[in-house]
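Labels below follow one simple rule: chain letters A, B, ... track the order of the sequence lines, proteins then strands, and each chain is numbered from 1.
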Amino acid sequence: MLFVGRLDLISNAEFTRRSLSQLDVIEPPKRPARKVVRIDLAAIEEIDPSSLLYIVAQVDRLAELPGISVTGNFPRAPEVMRFFNEAGFLRHMRREKMKAPNRPTLELCSGHTSKLFDPEEWQHLYAFLAAHLPPGSDLADTIWNAFSECIENAHLHAFENKVAGGPWHALAIRASANAPARAVIVDLGVGIPRSVRLTALEMGRVRLNQAVRSITALWDRALELAGLSDQIDDDAVTELFSMIDTNDAACLWLAAQGLRTETQDRERGTGLPGLITAASETDGAVHLLSGQAAVTWQGGRLLPSTGRLTPLRGTVVCLEFTGQLSEVATP
Amino acid sequence: MTDAYNEVHIDVGRDFAPTPGGRYRRQSKWSGEEFRETFLEPPLREGKTVVVDLDSAVGFSTSFLEEAFGGVIRKFGPDIKGRMLIVANARPRRKRQAMEYVDRAIAGYE
């Protein structure tokens with residue numbers, strides 16, 4: 001399994017997804033056979049935090065499969081190798097407990113949704129980023145919310161079998177000279193498009209929209225349910241749906257607006273909208289990747305959709321915090 | 001938690017948990033549901049006013065705030081808002097968020 005070139009799930013999305021999707025298709029061998037999966041990372045030239053964490057999560061998943069051993073090498077590019085080293089990747093491959101205190105640029109942790117949601121598990125990630133904030137900064141709350149909301153979403157929605165659950169992985173990376181500080185949360189569950197609640201009527205409408213490339217009906221229904229019909233002008237609607245051009249992207253958008261959750265409770269669905277609001281207040285960005293879609297809010301504005309992409313397992317949320325975080329000299 | 005005259009002061013970070021959790025007890029340690037049932041509802045039932053200080057906790061998830069404060073409105077009705085004072089002098093955004101959920105719960109109250 002070969003990985004080459006520039007892996008970046010945000011800015012080089014399709015190439016990176018095609019590359020990472022190699023990891024999705026591996027199935028356990030028939031017993032008593034054993035299968036060795038070799039992950040060749042040597043030719044990676046650049047990697048972003050989302051791709052790194054996705055690989056970590058996939059290695060974790062593969063190592064849990066019966067009859068599979070995972071082996072591999074490290075990237076040759078020094079900066080990429082350092083990145084993998086700081087993530088404790090070697091220990092991760094050896095199935096040793098993940099602990100990487102006092103790393104210069106990043107902190108990583110993982111947990112399991114079969115346990116109770118407990119913010120203490122990832123408090124050190126927050127502390128790692130917040131250590132570089134001015135005292136009393138609102139950005140600290142934004143970072144806390146970022147981890148909290150995304151990990152709670154993984155607990156609530158990511159896995160169909162909620163008792164068995166599945167793992168989540170989270171990573172915090174400091175600001176550097178050429179990149180903002182980021183928080184990334186990955187789960188390899190069913191993904192947002194499969195976990196949001198769509199009514200039978202809406203499903204029909206989605207299919208119709210696919211045929212006629214018109215998603216206006218879904219939008220009208222969403223506005224009606226949200227009680228927003230009178231508050232949004234038609235031009236804005238047209239512009240918005242010219243950006244959301246796949247069903248998966250529409251699902252991500254609806255989930256992020258709190259218009260769809262897995263349950264019908266009115267009070268649910270506060271997480272992602274709160275995150276987008278908080279990120280926009282601090283001039284940050286939220287990237288939401290799931291299914292065949294990726295949507296981005298930059299400074300509170302929804303950016304044009306990238307169209308239909310190679311499917312991604314589970315959900316990746318990447319938050320970028322700009323402005324107030326201090327820099328370190330890092331890749 | 002201090003109880004004086006007809007007013008109860010609750011410092012969430014000190015009295016409940018430095019790292020409050022998610023929405024429900026069954027899903028989360030230090031949940032909004034647990035906080036509401038243990039700290040908010042008993043004094044409110046006794047007719048007291050509660051003053052909730054949000055400053056000292058590390059942070060709050062929106063689901064915690066919604067379940068704790070929006071949940072009180074759903075349980076006691078909109079009039080209870082006058083006996084639930086939320087304070088966050090050092091982190092005013094937290095207060096804004098909590099009040100937003102109170103107001104939304106009032107708007108959705110039937």
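- Contact annotation for P18(B): neither backbone nor side-chain heavy atoms come within less than 4.5 Å of a heavy atom of chain A.
- Interface remark: Q123(A) contributes side-chain atoms only to the contact with chain B (heavy atom separation under 4.5 Å).
- Here CZ of R23(B) is found 15.0 Å from NE2 of H155(A). Values are rounded to the nearest 0.5 Å.
- The minimum heavy-atom distance linking E152(A) with S61(B) is given by the pair OE1-OG, 4.1 Å.
- Interface remark: F64(B) contributes no atoms to any contact with chain A (heavy atom separation under 4.5 Å).
- The local environment of CH2 in W30(B) is sparse, with at most 12 non-hydrogen atoms from other residues, nucleotides or ligands closer than 6.0 Å.
- With a threshold of 4.5 angstrom between heavy atoms, Y126(A) approaches chain B through side-chain atoms but not through N, CA, C or O.
- Options E100(B), R94(B), R93(B) differ in how many heavy-atom pairs under 4.5 Å they form with chain A, and the most are formed by R93(B).
- Between S28(B) and L116(A), the shortest heavy-atom contact is N-CD2, 3.6 Å.
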